[in-house]
Amino acid sequence: MKPRLRFAPSPSGYLHIGGARTALFNWLWARQQGGTFVLRVEDTDQERSSLESVRAILDAFRWLGLDWDEGPEVGGPYGPYFQSERKELYREATERLIREGKAYRCYCTKEELDRAREELKAKNPKAAFVYPGTCRERRDEPDLPFVVRFKTPREGSTDFVDRVFGTIRTPNAAQQDFVLVRTDGYPLYNLAATIDDHEMNITLVARARDHIGNTPQQILLYRAFGWEPPEFAHLPMMLSPKGEKLSKRHASVSVQDYRDRGYPPMGVLNYIVRFGWSLGDQEIFSLKELIENFSWDRVNKSDGKFDEKKFADVAFEHLKREDLMPLPEYAERVRPFLEKRGLTNVPEERLRAAIPGIRERARTFVDAAHDLDYYFRDPPELDEKARAKFLTREAAAHLAGLRDALAGVEPWEAAALEAKTKEWAEAKGLTMKDFAQAARVALTGRSASPPLFEVMAVLGREQTLARLARGTELAG
RNA sequence: GGCCCCAUCGUCUAGCGGUUAGGACAUCGGCCUCUCACGCCGGUAACGCGGGUUCGAUUCCCGCUGGGGUCGCCA
């Protein structure tokens, strides 16, 4: 049977980097096995859910290159894929549970419970409040607001075999009568997710380890409904560099942050997949390799801490290597970052000529756009420190001489330019060190750039000669 | 605190009874060099502790310690 996997985000913010990791594992397995990847929007919390968040999450998925077979925008045979549109299903299921004595109405108010929770906390800060079961055996049905609670068995234990963690056993006595339906009639996570995973025929639920505690509750529900539970696979946590749960307080937890900071999507994917999954000593993977090699038995159990430096390096590999990011794609992806610098009419041909020289230097597209700037801004912006240091009176003569020497070079290519320059320098008794930095500042406005002759080749004869001339003036 | 889970360099990890404990990032030296990078060479750096099992434990079992998760009318 082809597996059906799902990722079920709550649209109450952006796509979290940890969520992206979970989605990726699900997606990889679905793609490798020829299964189905479903996106389901868990918007049962009216207060926190927004359409704007749905859009942001879908955009993040698109940017990462993770497509979904069923879900928002594409539909599918198990829809609707928004839980807010499936209320009738939950209502019927809940009524059945109540009718069969497996769930009950609880009239305790949130205020009462909160007060009890606080009182307990005041007495013993470490103790956890457990719902005392006040309404568990209640027979009357007063005309008051109520929630529906699950009647958790008091005896026995609920066990399941996790694909990553193995057998996990939870004593039922440790579970309380958890709430299934809110006062407002909306279902809670455990109820809605269980019903949907069953109705949508999900075969494997893979999610982060912080859901391990929900699993027994969900299994209890599957049993109460008489359904066969899916398989479960829990993933170790991605923690902050300090080892805390990743939250908004930490830098860049949302996927769009990484996009905006100029990282390539595959760099993000490659880094996060290594949280919990590995294949021998291999560090860098293409998407294709991930799809081919992903397996649950290579997923480990221990949590990992996010390391910004390592991430930057992995992302850099994906920018640097032509085999991982072909030139046309690089050009397309860097354009928005050039536009942010005001460079809007960038000719494709020159862009492609310039990229090979800068891609091994730029660690992000933000850096790349910066490094590309002088190719598309004429005259280039001049770094004053570089000017003061290198465009000296002595340099003026060198620049003028170099300009004249290069004026007639044919063909206008790096090798010919280099040969001619060296010939000129030798005749003058100069070495590259004597004039290279001055020439660099004249050509690029900066003290750091790709090798001079590559810069000249991209700039072309006209601009090269003009900039050398202008450099002569500035120096003199 | 109850329940659940985890434990190899600073970080991500390989290892699945016998290895000089490997790789990557970071870090420290050096090389290359027209700058900045890239690249290359080399160094420092880990099996948390205590019991077992075994001829032999990083590896299997138990305890301790440490870390994390969870205990909502959030998901």
Side-chain angles (χ1 to χ4, degrees), chain A residues 8-12 19 42-45 47-49 106 108-110 113-114 117 124-131 145-149 162 165-166 168-171 173-176 178-184 186-190 192-193 207-216 234 236-237 239 241 243-245 271 274-284 300-314 316-317 320 357-363 367 371 386 390 418 421 425 431-441 444 446-453:
Chain A
S10 160
S12 56
E42 309 226 323
D43 57 349
T44 55
D45 189 331
E47 308 244 323
R48 303 183 205 196
S49 300
C106 169
C108 301
T109 66
K110 190 169 193 315
L113 262 20
D114 285 348
R117 232 187 297 269
N124 182 354
K126 299 258 179 142
F129 175 76
V130 176
Y131 174 68
F146 62 87
V147 299
V148 179
R149 284 182 187 273
D162 189 276
F165 288 93
I168 292 177
R169 160 166 299 184
T170 308
Q175 306 274 14
Q176 47 181 319
F178 52 94
V179 176
L180 262 18
V181 181
R182 297 177 172 80
T183 312
D184 67 7
Y186 270 82
L188 249 19
Y189 169 69
N190 280 130
R207 72 240 294 199
R209 204 193 85 221
D210 53 353
H211 282 282
I212 272 187
N214 287 130
T215 311
H234 288 89
M237 303 288 287
L239 304 171
E244 312 158 292
K245 194 167 173 172
Y271 181 67
R274 295 295 323 287
F275 271 86
W277 181 84
S278 62
L279 185 68
D281 285 342
Q282 188 169 351
E283 298 283 348
I284 303 301
N300 68 218
K301 303 184 240 228
S302 44
D303 298 337
K305 298 173 191 165
F306 195 95
D307 187 83
E308 192 73 36
K309 291 251 183 60
K310 174 85 174 186
F311 163 68
D313 182 74
V314 171
F316 185 31
E317 285 293 321
K320 200 164 50 186
I358 62 96
R359 70 186 295 170
E360 69 195 27
R361 299 173 161 69
R363 301 180 75 83
D367 290 349
D371 292 354
F390 296 112
E418 179 163 6
T421 300
T431 68
M432 285 290 288
K433 279 193 195 305
D434 295 321
F435 60 89
Q437 282 303 79
R440 190 181 316 282
V441 176
T444 70
R446 308 181 184 165
S447 55
S449 82
L452 283 180
F453 309 107

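The sequence lines fix the lettering, A, B, ..., with proteins before strands; numbering per chain opens at 1.
- Of the nucleotides present, none pairs with rU35(B) by Watson-Crick or G-U wobble criteria with both distances under 3.5 Å.
- Across every strand in view, rC60(B) sits in a pair with rG52(B) that passes the Watson-Crick or G-U test at under 3.5 angstrom.
- For Phe165(A), whose side chain is taken as the heavy atoms from C-beta onward, the closest listed nucleotide among rC6(B), rG72(B), rC4(B) is rC6(B).
- Within the shown strands, nothing qualifies as a pairing partner of rA21(B) under the Watson-Crick or G-U definition with both distances less than 3.5 Å.
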Test ring pair (Phe, Tyr, Trp, His ring centres under 6.0 Å) on Phe306(A) and Tyr271(A) and set out the steps.
-> CA-CA 9 Å; Phe306(A) 195 95; Tyr271(A) 181 67; 5.0 Å; yes

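- Across the strands present, rA14(B) finds no partner; the criterion is a Watson-Crick or G-U wobble pair with both atom distances under 3.5 angstrom.
- Per the geometry, CG belonging to Asp114(A) stands 9 Å off C1' belonging to rC73(B), to the nearest Å.
- Base pairing analysis places rA45(B) opposite nothing; no Watson-Crick or G-U wobble pair with both distances below 3.5 Å involves it.
- Counting only heavy atoms from C-beta outward, the side chains of Val179(A) and Tyr131(A) never approach each other to under 4.5 Å.
- Checking rU13(B), rC5(B), rC73(B) against the side-chain heavy atoms of Asn300(A) singles out rU13(B) as nearest.
- For Lys301(A), the side-chain atoms get nearest to rC6(B) when compared with the rest of rU35(B), rC74(B), rC6(B).
- Between the CZ atom of Phe178(A) and the P atom of rC74(B) there is a distance of 15 Å, given to the nearest Å.
- If you measure from atom CE of Met237(A) to atom C1' of rA7(B), you get 17 Å, rounded to the nearest angstrom.
- The side chain of Lys433(A) approaches rU35(B) more closely than any other nucleotide in the set rC73(B), rU35(B), rG69(B).
- Judged by distance alone with a 3.5 Å cut-off, no donor-acceptor contact links the side chain of Arg361(A) to the base of rC38(B).
- Asp303(A) has its side chain within reach of Arg209(A): a pair of non-hydrogen atoms, C-beta onward, lies under 4.5 Å apart.
- The nucleotide whose nearest atom lies closest to any side-chain atom of Ser302(A) is, among rG72(B), rC12(B), rA7(B), rA7(B).
- Between Arg169(A) atom CZ and rC4(B) atom C1' there is a gap of 13 Å when expressed in whole angstrom units.
- Taking the side chain as every heavy atom from C-beta outward, Lys245(A) and Asp210(A) approach each other to under 4.5 Å.
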Check the pair Ile168(A) / Ile212(A) against side-chain contact (heavy atoms from CB on, under 4.5 Å), numbers first and verdict last.
-> CA-CA 9 Å; Ile168(A) 292 177; Ile212(A) 272 187; 3.6 Å; yes

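- Within 4.0 Å (heavy atoms only), Leu188(A) reaches sugar-phosphate atoms of the nucleic acid but no base atom.
- Looking at the side chain of Ser10(A), the nearest of the listed nucleotides rA75(B), rC34(B), rU11(B) is rA75(B).
- Within 4.0 Å of Gly166(A), counting heavy atoms only, lies no atom of the nucleic acid at all.
- Counting distance only, with no hydrogens placed and no angle test, the side-chain atoms of Arg209(A) and the base atoms of rC5(B) include no donor-acceptor pair under 3.5 Å.
- Note: CD (Glu360(A)) to P (rC32(B)) measures 18 Å, nearest angstrom.
- Nucleotide rU70(B) is matched to rG2(B) when pairs are restricted to Watson-Crick or G-U wobble geometry with both distances under 3.5 angstrom.
- Side-chain nitrogen and oxygen atoms of Arg182(A) include at least one within less than 4.0 Å of the OP1 or OP2 phosphate oxygen of rA75(B).
- Arg207(A) places its CZ atom 15 Å from the C1' atom of rC5(B), with the value rounded to the nearest Å.
- The listed nucleotides are rC73(B), rA75(B), rU35(B); the one nearest the side chain of Thr44(A) is rA75(B).
- Across the interface with RNA chain B, nearest-nucleotide mapping of Val181(A) and Met432(A) shows Met432(A) to be the residue nearer the 5′ end.
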Taking N or O atoms only and anything under 3.5 Å, show me the protein contacts with nucleotides 24-26 of chain B, one pair per line.
| from | atom 1 | to | atom 2 | distance (Å) |
| --- | --- | --- | --- | --- |
| rA24(B) | O4' | Glu283(A) | OE2 | 3.2 |
| rA24(B) | O2' | Lys310(A) | NZ | 2.8 |
| rA24(B) | N3 | Lys310(A) | NZ | 3.1 |
| rC25(B) | O2' | Lys310(A) | N | 3.3 |

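- Dashed line: the shortest gap from a side-chain N or O of Gln282(A) to OP1 or OP2 of rU13(B) is not under 4.0 Å.
- Arg117(A) has a side-chain polar atom (N or O) that falls below the 4.0 Å cut-off from OP1 or OP2 of rC73(B).
- Looking at heavy-atom distances under 4.0 Å, Phe435(A) makes no contact with the nucleic acid at all.
- At least one donor-acceptor pair closer than 3.5 Å links the side chain of Arg182(A) to the backbone N or O of Pro187(A).
- Salt bridge present: Asp114(A) and Arg117(A) bring a charged side-chain N and a carboxylate O closer than 4.0 Å.
- Under a cutoff of 6.0 Å and an axis angle of 45°, Arg440(A) and Phe390(A) do not form a cation-pi pair.
- RNA chain B is contacted by both Leu113(A) and Lys245(A); Lys245(A) maps to the nucleotide lying nearer its 5′ end (nearest heavy atom per residue).
- Picking from rG69(B), rC71(B), rU35(B) the nucleotide with the shortest atom distance to the side chain of Ala128(A) gives rC71(B).
- Considering only side-chain N and O atoms, Ser449(A) lies nowhere under 4.0 angstrom from the phosphate OP1 or OP2 of rU35(B).
- Following rounding to the nearest Å, Phe390(A) (CZ) and rU35(B) (C1') show an atom-to-atom distance of 7 Å.
- Of the candidate nucleotides rG68(B), rA75(B), rC73(B), rG68(B) has the atom lying nearest to any side-chain atom of Leu239(A).
- For the pair Asp210(A) CG and rC4(B) P, the computed distance is 18 Å after rounding to whole Å.
- Checked against rC5(B), rC36(B), rA75(B), the side chain of Ala448(A) finds its nearest nucleotide in rC36(B).
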